[in-house]
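See structure below.
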Amino acid sequence: MGFAEQRFNVNLSILFTELPLLERPAAAAAAGFTAVELWWPWVDSPTPERSELDALRTAITDARVRLTGLNFYAGQLPGPDRGALSVPGEESERFRANIDVAAGFARTLGCRSLNALYGNRVEGVDPAVQDALALENLALAAEAADRNGAILLIEALNEPESPRYPLVSAPAAVAVVDKVNETTGLGNARFLMDLYHLSMNGEDLPAVIDRYASKTGHVQIADNPGRGAPGTGSLPLEDLLDRLRKAGYDGWVGLEYKPGDRPSADAFDWLPVEQRAAR
C-alpha cells in the first residue's frame with residue numbers, strides 16, 4: 001500500500017509560502033496536486049472584504065484544485081496564537097464573527113472540513129471558564145458546519161511547541177470532540193489526527209490509530225524531528241498511513257510540513273508525480 005494509496009492535499013499555509021497567497025493554488029497544481037487546504041489566511045481579520053474572499057476563491061477555481069480543508073479564524077497563526085475560541089473577550093468575539101464567513105466561503109468551494117483550533121490558556125483566567133466558552137463556541141461552529149454538510153475538526157497540538165495549548169494529546173482532543181457531539185446532537189465533530197504533533201508528544205502512534213481512527217475526520221503529516229517532508233526524519237509515515245487505512249480511515253492526508261531551505265516545489269521528491277493527483 002504505502003503512499004500510493006493515499007489522497008493527499010497540500011497545506012498552502014506552510015508550503016508555497018514563498019509565494020503570494022493568490023499564487024499558491026496554481027503552484028500546487030503545477031506540482032501535480034489537485035487538492036489544497038488552508039489555515040485562515042487573513043490573520044488580522046476574521047471578516048475580510050468580499051473582494052479578498054472573491055480573489056482567493058477565483059485563484060483556487062482557476063487553478064482547478066479543490067479546497068478540502070479550511071481553518072476558522074485562529075488569531076496570529078503562524079505566530080504566538082493557537083486559536084481564539086476559548087479566549088474570553090475580543091478574540092472569542094472575533095471567532096464568532098468569523099464562523100459564518102469561513103463556513104460560507106468553504107460552502108462556495110465545496111469544502112466539507114472546517115478546523116477550529118482551541119486556543120491557549122490565558123493567565124489569570126480559570127480554565128473551567130475557558131472550557132465552557134470553548135464548548136459554546138464549538139457548538140456554534142458545529143452547527144454552521146452542519147448547515148454545509150461539513151464536519152468540524154478539533155486538533156491536538158504538541159506541548160513542546162505549544163505549551164499553553166490545553167489539547168496536547170489525542171485523548172484530550174477526542175474528549176472535546178465527544179463533548180461537542182453530546183452538546184449539539186449533530187455528531188459532526190471529528191478528531192484531526194496530526195501525526196507530527198502526536199509524535200512530538202511522545203504518544204504511541206499505532207495505539208492512537210487503533211483507538212481513534214473511527215473518530216478521525218482528517219489526518220495531517222510531517223516527519224519528526226524537524227517537521228520536514230517524509231523521509232527527512234524517523235517517523236514510519238508509510239506504515240502509519242497503511243495502519244490508518246486498515247483501521248477504516250479513507251479520508252484526506254494533509255501535507256503540513258516545512259519545505260526546508262529549498263523552494264516548496266522541490267519538497268515533494270518523496271512522492272512520484274503520478275501519485276499526487278487525488279483519486
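The nearest pair of heavy atoms linking Asn98 to Tyr73 is OD1-N, 2.7 Å. In terms of heavy-atom proximity, Ala156 sits nearest to Leu198 at CB-CD2, 4.1 Å. Shortest non-hydrogen contact noted between Ala145 and Leu114 is CB-CD1, 4.0 Å. Among all heavy-atom pairs drawn from Cys111 and Thr68, the shortest one is SG-C, 3.6 Å.
Proximity of Arg243 to Pro236: side-chain heavy atoms (C-beta onward) are nowhere separated by under 4.5 Å. Between Asn120 and Val87, every side-chain heavy-atom pair lies at or beyond the 4.5 Å cut-off. At a threshold of 4.5 Å between non-hydrogen side-chain atoms, the residues Thr34 and Arg276 do not count as touching. With contacts defined as side-chain heavy-atom distances shorter than 4.5 Å, the pair Leu186/Leu152 does not qualify. You'll find the side chain of Pro259 stays beyond 4.5 Å of the side chain of Asp266, heavy atoms only. Between Leu133 and Ser86, the closest side-chain pair of non-hydrogen atoms is not below 4.5 Å. Using a 4.5 Å heavy-atom threshold, the side chains of Asn158 and Asp194 count as separate. Contact check for Leu38 versus Leu56: side-chain heavy atoms found under the 4.5 Å cut-off.
Between Phe72 and Phe95, the distance separating the two ring centers is shorter than 6.0 angstrom.
The pair Arg82-Glu161 does not count as a salt bridge, with every side-chain nitrogen at least 4.0 angstrom from each carboxylate oxygen. Contact check on Asp54 versus Arg57 returns a salt bridge, with a Lys/Arg side-chain nitrogen under 4.0 Å from an Asp/Glu carboxylate oxygen. Taking a cutoff of 4.0 Å between a charged side-chain nitrogen and a carboxylate oxygen, Asp81 and Arg164 do not qualify as a salt bridge. A salt bridge links Asp100 with Arg147: the closest approach of a Lys/Arg side-chain nitrogen to an acidic carboxylate oxygen falls below 4.0 angstrom. The pair Arg94-Glu91 counts as a salt bridge, with a side-chain nitrogen and a carboxylate oxygen less than 4.0 angstrom apart.
Side chain to side chain, Asn71 and Asn115 meet the donor-acceptor criterion of an N or O pair below 3.5 Å. Side-chain atoms of Glu18 and Ser264 include a donor-acceptor pair closer than 3.5 Å. Side chain to side chain, Glu256 and Trp39 meet the donor-acceptor criterion of an N or O pair below 3.5 Å.
Remark: the backbone N or O of Arg96 is not paired with any side-chain donor or acceptor of Asn137 at under 3.5 angstrom. No donor-acceptor distance shorter than 3.5 angstrom exists from the side chain of Ser162 to the backbone of Glu159, with no hydrogens or angles considered. Without hydrogens or angle criteria, Trp40 side chain to Ser45 main chain gives a donor-acceptor distance under 3.5 Å. A donor-acceptor pair under 3.5 Å is absent between the side-chain atoms of Thr216 and the main chain of His218, judged by distance alone.
In the hydrophobic cluster analysis, where Ile, Leu, Val, Met, Phe, Trp and Tyr join through side-chain heavy atoms closer than 4.5 angstrom, Tyr165 is grouped together with Leu138. Hydrophobic cluster membership is shared by Leu77 and Leu85, with clusters built from Ile, Leu, Val, Met, Phe, Trp and Tyr side chains linked at under 4.5 angstrom. Cluster membership check: Leu153 does not share its hydrophobic cluster with Tyr196, using side-chain heavy-atom separations under 4.5 Å among Ile, Leu, Val, Met, Phe, Trp and Tyr. Note on Ile151 and Val174: separate hydrophobic clusters, where clusters join Ile, Leu, Val, Met, Phe, Trp and Tyr whose side-chain heavy atoms are under 4.5 Å apart, directly or indirectly. Residues Leu192 and Leu135 are members of separate hydrophobic clusters, defined by side-chain heavy-atom contacts under 4.5 angstrom among Ile, Leu, Val, Met, Phe, Trp and Tyr.
More than 12 non-hydrogen atoms from other residues, nucleotides or ligands lie less than 6.0 angstrom from CZ of Arg262. Heavy atoms of other residues, nucleotides or ligands lying less than 6.0 angstrom from CZ of Arg66 number 12 at most. By the neighbour-count criterion of 12 heavy atoms within 6.0 Å, atom CD of Glu274 is densely surrounded, having more than that number from other residues, nucleotides or ligands.
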Can Asp210 and Lys246 be said to form a salt bridge (charged side-chain N to carboxylate O under 4.0 Å, His left out), step by step?
-> CA-CA 9 Å; Asp210 293 348; Lys246 290 173 182 175; over 6 Å; no
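Rounded to the nearest 0.5 Å, atoms CZ (Phe268) and CG (Leu15) are 4.5 Å apart. Atom CD in Glu155 sits 8.5 Å away from atom CZ in Phe191 (nearest 0.5 Å). The line from CE of Met193 to NZ of Lys215 is 11.5 Å long, rounded to the nearest 0.5 Å. Between atom CZ of residue Phe8 and atom CG of residue Asn11 there is a gap of 14.0 Å, rounded to the nearest 0.5 Å.
Asp44 meets the salt bridge (Lys or Arg N to Asp or Glu O under 4.0 Å) test with no other residue; sequence neighbours excluded. With sequence neighbours excluded, no residue forms a salt bridge (Lys or Arg N to Asp or Glu O under 4.0 Å) with Glu37.
For the side-chain contact (heavy atoms from CB on, under 4.5 Å) with Val253, the lone residue among Leu195, Asn9, Leu241, Leu237 that qualifies is Leu241.
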